[in-house]
Amino acid sequence: MITVTLKDGSTKQCEAGMTLYELALDLGPRLAKAACAGSVNGENVDLRTALTEDCTVEIFTFDTPEGKHAFWHSASHVLAQAVLRLFPGAKFAIGPAIANGFYYDFDMDTPFTAEDLPMIEEEMARIVKEALPIEQFHLSANKALELFKNQPYKQELIQKHAAAGEAISLYRQGEFTDLCAGPHLMDTSPIRAIKLTSATGAYWHGDSRLPMLSRIYGTAYPKQGELDAYLAMLEEAKKRDHRKLGKELELFALLDEGPGFPFFLPNGMVVRNNLLDYWREVHHRYGYSEIATPIVLNQELWHRSGHWDHYKNNMYTTKVDEGDYAIKPMNCPGGMLVYKTKMHSYRDLPLRMAELGLVHRHEMSGALHGLMRVRAFTQDDAHIFMTPAQIKEEIIGVINLFDELYSRFGLAYNIELSTMPDDHMGDEAVWRMAEADLQEAMESIGRTFTVNPGDGAFYGPKLDFHLLDALGRTWQCGTVQLDFQMPERFELEYIAEDGKPHRPVMIHRAGLGSIERFIGILIEHFAGAFPTWLAPVQAKLVPISEAHHEYAERVRQQLDAAGIRVENDTRNEKMNYKIREAQLKKVPYILVMGDKEMEANTVAVRARKEANGGVKSVDDFIAMVQAEVANREL
RNA sequence: GCUGGUGUGGCUCAGGGGUAGAGCAGCGCACUCGUAAUGCGCAGGUCGACAGUUCGAAUCUGUCCACCAGCUCCA
């Protein structure tokens, strides 16, 4: 007998050799039915894994990230199997599980198109029906090379694994065998609802010098209803696309004359300015001052900061009076120079200087995407200068500030810690210390996070904040980067209590990330229906006929004087037409006025949230909207 | 940047080697209306740019530009 410790801490005596699946069955048939994979002592494994000694185990159903991963990974194998049945000459490369499904890359004489997908889906459904057991086995590298003798991509992978001294793990389902580390489902039968979503090109190893393969993306669920819900979410996302809404609501424009350089239209500017008012209010409360630094600075500065060595491919350069200059891709060097404009005492620290800095970065033309990925954007940046002893508390302060910022919009988030990349400045020891500081700060306030190894900035490790919007999609916005390098390079100093100069530590941080991207996210999150405090037009007046135009104009003046963004629709159109249009423009309040309202000095309120908002006096309506805006209600 | 696709009035789109089409929006007129589209009329485009083929190109070919889906990258 062995002792098995379950996730909840309880223990169970089992016979040695019992498999995870049998354990799940023992815990409950429903759990066993829903189980996708499991873990033994923290290692993710198949349900077929036998338990041979005392251990800690976990069972993953589809509702867990690990369970979904195994499910989708198995689905990708089913995809490859179906393709090989239909196209026996196909060369197959790799096929992992990804965020919302899976893909598989193939080398085809004729690349797949959308028309090929239904046929492949049908073949996949057949494989699922066959309920083929999925079983792991191992081979020597030579035998594996022999098995995949007509599969050059698999051969390359086998050789790579063999060279690294790794075992060659394979999975078999029916006639299909793939090189794979797993874990996988026990058989193909649970993959009942499948949708192949697209066929595109993708480079082998993601390297544009290598051959382009034909990639099929798909997703799969245990139940048709769950797949339908996911597909409905994709449809909804399409309707909320900020590029479409940005045009319809006249928020911003992207023109041929400036690819990747967005134009903000009057409506978009209202959203932006109100967002920034809020941002300034919060930063003031958290003890930040605000600065502005130049967009064009000389190249010597960029050499000193290290950007020239690590970032010049993304930088625009220019000449000023024969001198070499660059357009800033980041705000930090400017912030350094501001710090150096005077002597600092330890009493000044921590010094928090924020900057809404317009940066320009040359992104590849194919990477541009609406407001989400542009070549010029405004970062809500800040640099915090402090003593090493203040690091933890400052990081906590930043996390709390970000929490407040995001909650205002109803955006949930999760945090990732990105560690030292290959291309970095400074010694590893300093990096590890900085990583530990970030980690300890989060742990001390009970924040959970995941680690993203090797993904830090070239000057320091960072925390990335990934926001979750109304559709459950994630967006990277906030970032907190701890930097020991830049203060060194710029020889920053403060005078400590001992009267001697010391080097401060610095935090770079941006909460909204990029104002442009954040507005894009808000557009999609709210589906263009901004909360009243952000709405470009807060109230639309709809006089029923010409007889009411004069009254409507008086009301307009009253609302305008009360600071409400109001428009009076006096066009020669029917009321229903005007209401429909205001509704499509997602105006929070539509005020209809006819004889009754004119007589009683009232307005008939039609709120976006509830169609019949009742009849209110003009004063009551003003008070209501003012309160809603003052509280920045969602 | 690479692979594939797209580019026709402000917007959404049809057409397609023989002298530019619709709906919406805009403008004018009539209607004066009670909670999601009143009717009639008018105006608006050298069909992304540049070359080429042709008697003739928006339509065919080439190059370029922009956009879209991916790859890659990231705020």
Side-chain angles (χ1 to χ4, degrees), chain A residues 103 105 110-114 197-217 241 243-244 247-248 250 253-260 311 313-314 329-331 357-359 361-381 418 455 457 462 464-467 475-479 481 508-521 540 542-549 571-585 590-597 604-607 611-613 615:
Chain A
Y103 68 77
D105 286 343
T110 326
F112 291 117
T113 67
T197 47
S198 61
T200 66
Y203 297 105
W204 176 231
H205 294 313
D207 186 332
S208 58
R209 292 165 303 189
L210 297 176
M212 177 154 291
L213 305 174
S214 181
R215 172 173 298 179
I216 295 177
Y217 282 95
D241 189 317
R243 292 168 299 183
K244 178 172 169 278
K247 204 179 272 183
E248 284 171 12
E250 298 177 26
L254 286 157
L255 306 177
D256 278 6
E257 288 80 354
Y311 209 72
N313 289 342
N314 287 314
M330 296 189 196
N331 302 302
L358 174 59
V359 297
R361 298 181 183 177
H362 181 73
E363 302 294 346
M364 287 189 296
S365 58
L368 303 177
H369 179 90
L371 290 181
M372 302 300 190
R373 192 81 196 279
V374 292
R375 285 176 173 157
F377 58 100
T378 305
Q379 291 182 305
D380 65 320
D381 218 334
S418 294
D455 213 30
K462 58 180 184 168
D464 289 321
F465 289 71
H466 296 257
L467 303 190
W475 305 94
Q476 198 208 309
C477 291
T479 178
Q481 306 175 353
H508 307 246
R509 43 114 292 183
L512 306 177
S514 134
I515 304 305
E516 289 75 7
R517 176 183 287 183
F518 196 78
I519 288 173
I521 292 166
K540 189 80 157 185
V542 176
I544 290 175
S545 76
E546 240 174 287
H548 315 111
H549 281 190
R571 287 175 306 172
N572 181 17
E573 293 292 349
K574 284 213 191 297
M575 174 188 71
N576 280 341
Y577 175 89
K578 297 179 187 177
I579 290 174
R580 176 184 148 83
E581 188 174 274
Q583 200 80 23
L584 291 174
K585 294 281 183 195
I590 298 169
L591 304 182
V592 177
M593 44 199 88
D595 290 342
K596 284 183 265 178
E597 288 75 19
V605 179
R606 181 186 165 114
N612 187 356
V615 175

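Here is how names work: the chains are called A, B, and so on, in the same order as the sequence lines, proteins then strands, and each is numbered from 1.
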**Fill in**
Sorted by chain and number, sequence neighbours left out, side-chain contact (heavy atoms from CB on, under 4.5 Å) with A/M372 holds for A/H242, A/H369, A/W475, A/R517, A/I521, A/E524

Distances under 3.5 Å between protein N/O atoms and the N/O atoms of nucleotides 39-47 of chain B, please, pair by pair.
none

**Item:** Residues that A/L584 engages under side-chain contact (heavy atoms from CB on, under 4.5 Å), provided they are two or more places apart
**Value:** A/R580

**Asked** Sequence neighbours excluded, which residues qualify as salt bridge (Lys or Arg N to Asp or Glu O under 4.0 Å) partners of A/R606?
**Response** none

**Message:** My understanding is that only residues two or more places apart in sequence, or in another chain, count here; which of them pass ring pair (Phe, Tyr, Trp, His ring centres under 6.0 Å) with A/Y217?
**Reply:** A/Y103

**Asked** Listed by chain and number, what are the side-chain contact (heavy atoms from CB on, under 4.5 Å) partners of A/I544, not counting sequence neighbours?
**Response** A/H548, A/M575, A/V592

**Fill in**
Stem ranges of RNA chain B by first residue number, counting only runs of at least 3 Watson-Crick or G-U pairs under 3.5 Å, come to B:1-7 with B:65-71, B:10-13 with B:21-24, B:26-30 with B:38-42, B:48-52 with B:60-64

**Item:** Protein-to-nucleotide contact annotation, 5' to 3' order, nucleotides 1-14 of chain B [B base; S sugar-phosphate only; - none; under 4.0 Å, heavy atom]
**Value:** BBS-------SS--

**Message:** Applying salt bridge (Lys or Arg N to Asp or Glu O under 4.0 Å), can you list everything that pairs with A/D595, at least two apart in sequence or on another chain?
**Reply:** none

**Request:** With sequence neighbours left out, write down each residue that passes salt bridge (Lys or Arg N to Asp or Glu O under 4.0 Å) with A/D381, or none if nothing qualifies.
**Result:** none

Tabulate protein N/O versus nucleotide N/O from nucleotides 30-36 of chain B, keeping only pairs under 3.5 Å, one per line.
| unit_1 | atom_1 | unit_2 | atom_2 | d |
| --- | --- | --- | --- | --- |
| B/A30 | N6 | A/N572 | ND2 | 3.2 |
| B/C31 | N3 | A/N572 | OD1 | 3.4 |
| B/C31 | N4 | A/N572 | OD1 | 2.3 |
| B/C31 | N4 | A/N572 | ND2 | 2.4 |
| B/U32 | O2 | A/E546 | N | 3.0 |
| B/U32 | N3 | A/E546 | OE1 | 3.0 |
| B/U32 | O4 | A/E546 | OE1 | 2.5 |
| B/C33 | O2 | A/K574 | NZ | 2.2 |
| B/G34 | O6 | A/D595 | N | 2.9 |
| B/G34 | O6 | A/K596 | N | 3.3 |
| B/G34 | N1 | A/E597 | OE1 | 2.9 |
| B/G34 | N2 | A/E597 | OE1 | 3.2 |
| B/G34 | N2 | A/E597 | OE2 | 2.5 |
| B/U35 | O3' | A/R606 | NH1 | 3.3 |
| B/U35 | O2' | A/R606 | NH1 | 2.9 |
| B/A36 | N7 | A/R606 | NH2 | 3.3 |

**Which residues share a side-chain contact (heavy atoms from CB on, under 4.5 Å) with A/H362, sequence neighbours left out** = A/Y316, A/R375

**Request:** For B/A57 and B/C47, measure between their P atoms and round to the nearest Å.
**Result:** 12 Å

